[in-house]
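Residue numbers start from 1 in every chain, and the chains themselves are labelled A, B, ... in the order their sequence lines are given, proteins ahead of strands.
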Number of protein chains: 2
Amino acid sequence: MRRNTWQRDAVKAALDAQDAFVSAQQLHAVLRDDGTGIGLATVYRALADLAAGGGADSLQSAEGEALYRACTPGQHHHHLICRTCGVTVEIEADPVEQWARAVAAANGFTRPEHVVDVFGLCPACSKPAEL
Amino acid sequence: MRRNTWQRDAVKAALDAQDAFVSAQQLHAVLRDDGTGIGLATVYRALADLAAGGGADSLQSAEGEALYRACTPGQHHHHLICRTCGVTVEIEADPVEQWARAVAAANGFTRPEHVVDVFGLCPACSKPAEL
DNA sequence: GTGATGTTGACAATCATTATCAATAAGAAG
DNA sequence: CTTCTTATTGATAATGATTGTCAACATCAC
């Protein structure tokens with residue numbers, strides 16, 4: 001039986017408050033700063049549960065760290081992510097879905113899934129580069 | 001000045017002999033089995049150099065392990081990867097390149113890059129699932 | 001051949017993540 | 001409300017991939 005704890009709610013709330021992909025460690029630091037005495041292991045567990053339940057998306061940073069972000073559940077989507085500040089926009093990719101299925105089928109692959117993420121510099125982070 | 005060593009050549013050759021993404025640890029084990037006394041750190045360094053120089057592609061497995069595969073240099077491409085055996089096919093994705101640029105631009109993002117990989121079951125690995 | 005220095009490899013160090021396990025608290029039952 | 005069962009927590013140890021360290025070594029220009 002799954003029990004509801006304030007820890008799980010706190011992790012969910014902290015994740016919802018972010019508009020960027022964040023690591024478990026970062027989220028733990030935020031929660032600690034908020035005065036909660038939540039444990040690091042608990043944050044990891046809550047994030048894993050959220051990701052498994054579809055309440056969060058996860059990806060691996062270039063450094064191999066796992067990053068999480070709250071996502072709109074039940075809807076397949078991808079992400080446009082700022083390389084500098086991490087701010088993330090959910091994007092639709094219908095053409096890519098079809099392309100992925102077609103390419104898989106053309107090579108005899110079944111049960112296709114795909115990882116599609118676009119990285120760039122968001123409008124705010126693009127400006128300094130112009131100076 | 002970059003020096004040529006048999007270790008670097010051995011890593012390159014061992015990677016070329018694979019048709020799937022492999023981890024540094026796996027490649028090190030293969031090289032050891034071949035009788036070479038190559039060190040693990042050296043395999044990591046050689047793979048990092050190859051990836052940086054465009055001679056290999058890398059991706060993170062679901063378990064967070066870094067995987068490498070020899071790739072055709074100088075040509076932008078993506079991968080169709082078997083979830084079960086890891087066998088990998090290089091694929092072209094021109095429609096996706098254009099879509100990625102368009103989506104980035106539509107959201108004000110500059111300098112877009114993208115991660116596009118398709119996972120599935122290769123023809124050989126698909127058969128057992130039919131039983 | 002010789003010397004300067006890039007490279008190697010054994011091992012220690014790092015760091016994110018997971019396992020352990022006694023203490024705690026959620027929720028069902030009375 | 002009280003009690004009991006057991007899911008959950010959290011401090012800490014353990015894990016495991018990857019990177020840093022540094023003396024010994026090998027490559028290549030000369």
Salt bridge (charged side-chain N to carboxylate O under 4.0 Å, His left out) against B:R69, all qualifying residues, sequence neighbours excluded: B:E90
Could you give the CG-to-P distance, from A:D49 to D:dT8, as a whole number of Å? 8 Å
Should B:N4 be listed as having a side-chain N or O under 4.0 Å from OP1 or OP2 of D:dC28? yes
Below 4.0 Å from chain B heavy atoms, what is the first contacting nucleotide of DNA chain C and what is the last? C:dA4 to C:dA10
Where at least one partner belongs to residues 47-56 of chain A, residue pairs that pass side chain to side chain donor-acceptor pair (under 3.5 Å), sequence neighbours excluded: A:R8-A:D49
Sequence neighbours excluded, which residues qualify as side chain to side chain donor-acceptor pair (under 3.5 Å) partners of A:S61? A:E63
Mind checking what makes side chain to side chain donor-acceptor pair (under 3.5 Å) contact with B:D16, not counting sequence neighbours? B:K12
Transitive ILVMFWY side-chain link B:L59 to B:Y44, under 4.5 Å: no
Per-pair distances, 0.1 Å, donor-acceptor, side chain in residues 96-104 of chain B, under 3.5 Å, sequence neighbours excluded:
unit_1: B:E97; atom_1: OE1; unit_2: B:H76; atom_2: NE2; d: 3.0
unit_1: B:E97; atom_1: OE1; unit_2: B:H114; atom_2: NE2; d: 2.8
unit_1: B:E97; atom_1: OE2; unit_2: B:H76; atom_2: NE2; d: 3.3
unit_1: B:E97; atom_1: OE2; unit_2: B:H78; atom_2: NE2; d: 3.1

For A:T110, side chain to side chain donor-acceptor pair (under 3.5 Å) partners two or more places apart: B:S126
Which Ile, Leu, Val, Met, Phe, Trp or Tyr residues join B:M1 in one cluster when any pair of side-chain heavy atoms under 4.5 Å counts as a link? none
Which residues pass the salt bridge (charged side-chain N to carboxylate O under 4.0 Å, His left out) test with A:R3, sequence neighbours left out? none
Quantified as the angle between the terminal helix axes (five pairs each), what is the overall bend of the helix from C:dG1-D:dC30 to C:dG30-D:dC1 to 10 degrees? 40°
Can you run down the ring pair (Phe, Tyr, Trp, His ring centres under 6.0 Å) pairs that involve residues 3-37 of chain A, sequence neighbours left out, and say none if there aren't any? A:F21-A:H79
Is A:R3 side chain donor-acceptor paired with the D:dT6 base, going by distance under 3.5 Å alone? yes
B/S/- along nucleotides 10-21 of chain D (protein heavy atoms under 4.0 Å) is BB-----SBBBB
